[in-house]
Amino acid sequence: MSLLIKGGQVLDPINKRNGIFDVLIADGKIREIAPEISRELAYEVIDADGKLVVPGLVDMHVHLREPGREDEETIESGTFSAAKGGFTSVACMPNTEPPLDKGPLIEFVKEKALKVGSANVFPIGCVTKGRDGAELAEMAELYSAGAVAFSDDGNSIMRSEVMRRALEYSKIFNAPIIVHEEDKELAADGSMNEGYVSTRLGLKGIPKAAEEVMVARDIVLAQLTGGRLHIAHVTSAGSVDMIRDAKKKGIKVTAEVTPHHLVLTDEAVDGFDTNTKVSPPLRTSKDIEALIEGLKDGTIDTIATDHAPHTREEKETEYDIAPPGMIGLETAFPLVMTYLVRKGHLTVEEVISKMTIEPARILRLDKGTLTIGADADIAIIDPEKEVTLDVKNFASKSRNSPFHGWRLQGIIYMTILSGRVVYRS
Amino acid sequence: MRWKRKDLMGLEELEPWEIELVLDTAEACKGIFSRDIKKLPTLRGKTMVNIFYEPSTRTRTSFEVAGKWMSADVINVSVNTSSVRKGESLRDTLKTIQAVGADVVAIRHSAAGVPHMLGKMLDISVINAGDGAHEHPTQGLLDLLTIREKKGSFEGLKVAIVGDISHSRVAKSNIWGLKKLGAEVTVIGPSTLIPFGIEDMGVKVSYDLDEVIHEVDVVNVLRLQLERQRKGLFPTVREYSKLYGINRDRLKRAKEDLLILHPGPANLGIEITQDACDDPRAAITEQVTNGVAVRMAVLYLVLGGVSDNELIN
Amino acid sequence: MKSNLKEKTVIMDADGMRRALSRIAHEIIEENQGIEDVVLVGIRTRGAPLAQRLAENIERIEGRKIPVGILDITLYRDDLTTIARQPLVGKTEIPFDVTGTKLILVDDVLYTGRTIRAALDGVIDLGRPKRVQLAVLIDRGHRELPIRADYVGKNVPTSRKEVIVVELKEIDGDERVIIAEKAN
């Protein structure tokens, strides 16, 4: 089985390739990239004229909800959602039911993904048993079962001693501790950013300080221990500054930002649409400026979706008790293309790099490249085509997106996983 | 200009002329208060449902009286909040409203935005009877009506709102209304109870009541929720009362024609003393009367419609 | 005049209106054998100035003032619907007790009778008049209720497509009655 992608603009940041090339795929691997490859060599030829051919996107932060909440998402539906969004590799968070704090659970996810998945799935194991922030989980067992990183996800690790030991212990595997930075006391029962809008709407606010005090603490602990710290979904200008300083000092810290934190501000909460409730909350336009600056200068390494499916029943409720989170796999690329590239903040190469090789590096995955001999994980993008987002057409089992009805430019034309076409528009 | 809104969600969304229209209509409705027969046929055959997810005898009764004096069938649904599972209340409310075939719903809920969500889901009129710390539009309107009656106009009027601004929907609705009608508003309270960004609503902020009390025309005293102290937002009720309580001493330094308002029920001796309530400058009973008038006006406006007779003679 | 109306004929000018109101004033005095207990209540909007003019006429004849009030019937209408436009609620200003009076309701046009039905309800909620009579400037027919006027300025046969427009100087700046037709 061979596949020839003809005439597309091939963009492969790690190999510094950017030009019109043909790409030949055979046996699930990238066989050849050349200005002209004969059609006779391929079983199927894909005409990629006017399209971008890039490494399959990598999302290091998704929630697939399986096991436990298969009503919200399954490994099958979540990875198909990924494929529709151009993602060929996703790292899934361990806040399932039960949480992924034991080797066999990691193995279950991996095996299920191999069987029914439309994307590579890399599970993230728990830092602590039951994600309760008290005792370290058996990280070695998790790691050997296939966990690529450790995180307690939505549960910030409030006990500094536990966090210190986690950073130290994870050095054995050179795997990052991924943290959701939110001081539970400062955030209390808040449901949106604290500021003028929360005051206006009468919703309890979460101050930026709730994130920033934890970022500050964990940077200090990362310095103390030499462990690898990855800060999930950074939202505040203050956090960006601290991460920038930490990187300058050589502390092993990396960071991600979500498309929704780059596009929406707390003004979106006006109208009480619970799909705008996310954790951490949407901030302000000043923060967005700082986040974009952070992406540009490398302070923020990667764009990750924090794809968080919730059922309609869960979301159709009072704002202050609705569960936080929005789905993001199928909206990420068009949002990034429209709001970062078209607006001139980042080049398409920079964006592709932040969505492929950078997350692969953080998780030490052999992904995110179009190197000859690598797995043929490829996304073909139609950068000009406009689309009106319609949640009804999403592959995800859930519909919780505030971007329904938005008109965006740049869509996924085709997604190829190990040489197999898993999605065609 | 005619009222076109199906719902009343808050004063933030109202234009100044809409606020004036409610006040004018309320004033006309007050005409029946002095009659022996307090009954208008206006809403005959209409069903009004009052759903209160927070206990509030005062507001619920006021809505009930307003509906009954206009001949609506009024159904009170008091919800034992402890028996409603969190998150069930919205669906629960929808079912109740559909079951009784209501034409208008007045809803009180501890969560901001619930009336808003209901308004979007329902074709019938929804009146916000207070949602969390968001808005309490009928309270705001009755305060405005009381101020207009006593002061004539709002232009340049100096109004102080004293107390827990952070958690007060009454403060929010008052601020929007007063600013739209041209008054100057100062919010006064402990710094821990003044919310972020309140200045952006066009108000001045002060932590010192004594610095402001002598120069204001109206003081609206908010009810202090005593559980805020347990949450550590101020050290003791005693200290709060000392700094922000309205008492005889402070009133001595206030203007002779000061107007004192309180949404009730008051924590006597905490945010306001008994003798301050009894001061001739206080209009707390008028507020109760005006509450009924304003709610009648709002019911009429949200339920009102075309009259053929008006178009053709 | 409303922009969606097309003027057809003037059926009463300023002089005609003055003469009609003068005649009605005389008829009121005659019918009630004087003005003992007689009060006038104008129905908002155009009934109010008409009642005021009738009272002035009566005062000129009898040399004595009679009480005049204004009734707003908006809250008594039976046609409140959920469509967008609704009438503004005005104030009822009746500064006297109606119980025991010979109360004369005054309006500009009598048509279906529904306004008068609402006005009767409104008046009766205020007290118990000895007798209620009705004075109108124009009776255009097409009654939907068993109501008739005791005093009529002019009977004008109309079709339902037509509209009677009464203009008074106090409100409209002009002084005339016209028949108009709804333009489509």
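Quick note: numbers below take in every heavy atom, side chains included, and nothing from hydrogens, waters or symmetry partners. Here is the naming used below: chain letters follow the sequence lines, and residue numbers restart at 1 for every chain.
By the side-chain hydrogen bond (donor to acceptor under 3.5 Å, both in side chains) test, Thr299(A) is found to be paired with Arg244(A), Asp297(A), residues two or more places apart in sequence or in another chain being considered.
When each of Glu12(B), Lys120(B), Met9(B) is scored by its heavy-atom pairs under 4.5 Å with chain A, the top score falls to Glu12(B).
More than 12 heavy atoms of other shown residues, nucleotides or ligands fall within 6.0 angstrom of atom CZ in Arg407(A). Applying the 6.0 Å contact sphere to NZ of Lys6(B) captures more than 12 heavy atoms from other residues, nucleotides or ligands.
Residues of residues 168-176 of chain B having a heavy atom under 4.5 Å from any heavy atom of chain A, listed by number: Lys172(B), Trp176(B). Within residues 184-214 of chain A, the residues having any heavy atom closer than 4.5 Å to a heavy atom of chain B are Glu194(A), Gly195(A), Tyr196(A), Thr199(A), Arg200(A), Leu201(A), Gly202(A), Leu203(A), listed by residue number. Using a 4.5 Å cut-off between non-hydrogen atoms, the part of residues 188-208 of chain B that approaches chain A consists of Pro195(B), Phe196(B), Gly197(B), Ile198(B), Asp200(B), Met201(B).
The distance from the CD atom of Glu318(A) to the CE atom of Met117(B) is 7.0 Å, given to the nearest 0.5 Å.
The side-chain heavy atoms of His134(B) and Phe272(A), taken from C-beta on, include a pair separated by under 4.5 Å.
The part of His109(B) that comes within reach of chain A is its side chain, from C-beta onward, which places non-hydrogen atoms under 4.5 angstrom from that chain.
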